[in-house]
Amino acid sequence: MIRAWRYEGSEPGRTAVDLQELGDAVGHEGSLVWIDAANVGDDERAELERQLDIPPSAVQAVMNPYERTKLLRFRDVFHVAIHDCELRDQELESREIDVVIGPGWVLTVRHPTQGGQPIDLDLIERRFEMQRSEHDATDEGLLLWALFDAIVDRYFDVTDGIDDCLDSIEDTVFSDHAPAGIPHDAFTLRRVLQEFRRAAAPLREVLNAIDRSEVPYVQDEALVHFRDLYDRVLRVVDLIESQRDLLTGLLEAQLAIISNRTNDVMKRMTSWGALLLGSTLIAGIYGMNFRHMPELGWQLGYPFALGSMALLTVVGYLWFKKKNWL
């Protein structure tokens with residue numbers, strides 16, 4: 001499905017543009033055409049390539065849903081691959097959005113996903129309209145900023161969800177009835193953090209390139225907003241690193257707890273073994289089959305041996321109890 005809208009100068013609102021008329025709609029001074037494509041078929045792809053005169057190499061990059069976040073130039077158009085992320089059921093849903101910027105037009109291509117809530121195009125349009133009215137200008141950079149800004153907002157939503165997962169894992173690790181092994185959620189979350197960082201961190205390089213004016217379609221009015229966006233992306237990356245450190249600390253704490261529990265079990269087993277050792281020693285000595293042994297003919301020898309065993313066991317039990325080994 002392909003939809004297109006045309007923005008005229010500083011006039012509010014937009015008008016719909018038919019796909020067959022894209023070639024005539026673009027290229028007018030002071031106007032901007034936004035084309036949004038989702039689940040593009042071969043016929044629609046060929047029509048976009050023809051109407052917008054997109055280089056075949058750029059079309060091939062746009063149609064690949066597995067590109068990393070990056071900025072590339074193809075002749076007089078620029079291709080930006082960015083990932084929209086969402087956390088669902090402790091799993092990261094990453095959707096690639098490809099953006100192609102040309103003279104007087106912006107093409108966004110949204111690839112099909114497994115599910116989840118796709119990015120809100122109306123929100124992007126409202127932010128773009130707000131900046132148009134504020135700067136009294138319509139250029140490709142403001143629309144690109146509105147898209148990036150909405151995506152980075154969703155990055156912060158993902159970090160909030162990861163914080164909730166970390167709190168749940170922390171409660172599990174330090175609870176009185178914590179599992180004996182490492183929680184499975186910890187390994188799932190570590191994979192989520194790795195995938196999330198792979199999607200968000202390269203965006204810094206893209207914003208750096210835009211700030212260096214490597215994309216001529218981004219004017220000075222939009223560059224100010226991109227610099228603020230760069231700071232927000234740095235905050236996202238810092239949050240990811242902090243969360244990775246916290247998760248590593250929780251895993252180390254869980255291993256320490258498991259080690260302490262093992263030590264407690266070994267102390268109890270050692271204590272009981274030591275208690276039985278004294279009685280076993282006495283029984284072993286008096287159980288030797290020698291004819292001439294002290295106390296063999298003693299009338300109180302048997303009660304004395306049993307009493308010694310009991311006394312040694314009680315004394316040992318009280319001593320180990322005092323040491324908190326039992």
Side-chain angles (χ1 to χ4, degrees), residues 1-5 34-40 48 58 61-72 78-101 106-128 131 140-165 189 191-210 215 218 222 225-226 228-240 243:
M1 181 181 65
I2 298 179
R3 295 179 295 173
W5 305 276
W34 177 17
I35 309 103
D36 178 71
N39 304 329
V40 180
L48 284 174
V62 167
M63 294 306 164
N64 182 10
Y66 304 107
E67 296 278 353
R68 65 183 295 272
T69 301
K70 61 183 177 181
L71 170 66
L72 295 175
F78 291 83
H79 168 233
V80 179
I82 189 172
H83 291 264
D84 173 36
C85 297
E86 181 185 8
L87 191 65
R88 295 191 304 117
D89 300 328
Q90 298 186 0
E91 291 289 343
L92 186 69
E93 179 74 24
S94 179
R95 316 174 186 91
E96 182 178 331
I97 299 179
D98 289 281
V99 185
V100 182
I101 310 170
V106 174
L107 168 65
T108 55
V109 179
R110 294 176 291 124
H111 296 280
T113 61
Q114 299 286 335
Q117 184 65 35
I119 193 167
D120 189 357
L121 295 182
D122 292 334
L123 174 63
I124 298 173
E125 197 272 335
R126 288 194 300 270
R127 294 185 181 183
F128 177 49
Q131 296 303 325
E140 300 85 343
L142 291 176
L143 179 56
L144 183 64
W145 167 84
L147 173 64
F148 280 19
D149 192 55
I151 290 176
V152 173
D153 280 348
R154 289 164 69 89
Y155 286 174
F156 281 103
D157 293 338
V158 173
T159 59
D160 291 341
I162 292 175
D163 279 337
D164 294 337
C165 295
L189 187 60
R191 186 183 69 253
V192 166
L193 284 169
Q194 183 177 359
E195 295 175 357
F196 186 33
R197 190 184 188 282
R198 192 182 300 120
L203 187 56
R204 297 173 298 180
E205 302 171 8
V206 174
L207 295 175
N208 258 331
I210 294 175
V215 182
V218 180
H225 299 288
F226 275 104
D228 176 69
L229 197 60
Y230 178 79
D231 293 336
R232 297 180 62 206
V233 172
L234 287 183
R235 286 176 53 200
V236 170
V237 176
D238 288 342
L239 284 172
I240 295 174
Q243 290 168 338

Quick one, [X] and [Y] - any side-chain contact, counting heavy atoms below 4.5 Å?
X: Asp163; Y: Gln243; value: yes
X: Asp120; Y: Ile124; value: no
X: Leu239; Y: Phe156; value: yes
X: Glu205; Y: Lys70; value: no
X: Arg3; Y: Leu121; value: yes
X: Asp157; Y: Glu86; value: no
X: His111; Y: Asp98; value: yes
X: Trp5; Y: Glu125; value: no

Once rounded to the nearest 0.5 Å, what's the spacing between atom [atom1] of [X] and atom [atom2] of [Y]?
X: Glu67; Y: Glu96; atom1: CD; atom2: CD; result: 6.0 Å
X: Arg235; Y: Ile240; atom1: CZ; atom2: CD1; result: 12.5 Å
X: Phe78; Y: Leu71; atom1: CZ; atom2: CG; result: 7.0 Å
X: Ile35; Y: Ile2; atom1: CD1; atom2: CD1; result: 9.0 Å
X: Ile119; Y: Ile82; atom1: CD1; atom2: CD1; result: 8.0 Å
X: His83; Y: Thr69; atom1: NE2; atom2: OG1; result: 4.0 Å

State, to 0.1 Å, how close [X] and [Y] come at their nearest heavy-atom pair, and which atoms those are.
X: Ala200; Y: Tyr155; result: CB-CE1, 3.9 Å
X: Arg154; Y: Pro118; result: NH1-O, 3.9 Å
X: Ile162; Y: Leu189; result: CG2-CD1, 3.9 Å

Output, in order, the C-alpha distance, side-chain angles, deciding distance and verdict of side-chain contact (heavy atoms from CB on, under 4.5 Å) for Phe196 and Val236. CA-CA 10 Å; Phe196 186 33; Val236 170; 4.1 Å; yes
Between the main-chain N or O of Cys165 and the side-chain N or O of Gln90, is there a donor-acceptor pair closer than 3.5 Å?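 It does not hold such a pair.
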Return yes if some donor-acceptor pair links the side-chain N/O of Ser94 with the main-chain N/O of Cys85 below 3.5 Å, else return no.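 Absent.
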Show the atom names and distances, to 0.1 Å, of all donor-acceptor pairs under 3.5 Å that link a side chain in residues 142-153 to residues at least two apart or in another chain.
from   : atom 1 : to     : atom 2 : distance (Å)
Asp149 : OD1    : Arg232 : NH1    : 2.4
Asp149 : OD2    : Arg127 : NH1    : 2.6
Asp153 : OD1    : Arg232 : NH2    : 2.2
Asp153 : OD2    : Arg127 : NH1    : 2.8
Asp153 : OD2    : Arg127 : NH2    : 2.6

Does CG in Asp228 sit with more than 12 non-hydrogen atoms of other residues, nucleotides or ligands closer than 6.0 Å?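 More than 12 heavy atoms, drawn from other residues, nucleotides or ligands, come within 6.0 Å of this atom.
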Strictly by side-chain hydrogen bond (donor to acceptor under 3.5 Å, both in side chains), give each pair with a member in residues 192-201 just once, sequence neighbours left out.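 Applying side-chain hydrogen bond (donor to acceptor under 3.5 Å, both in side chains) to every pair that reaches into residues 192-201, excluding sequence neighbours, yields Arg197-Glu241.
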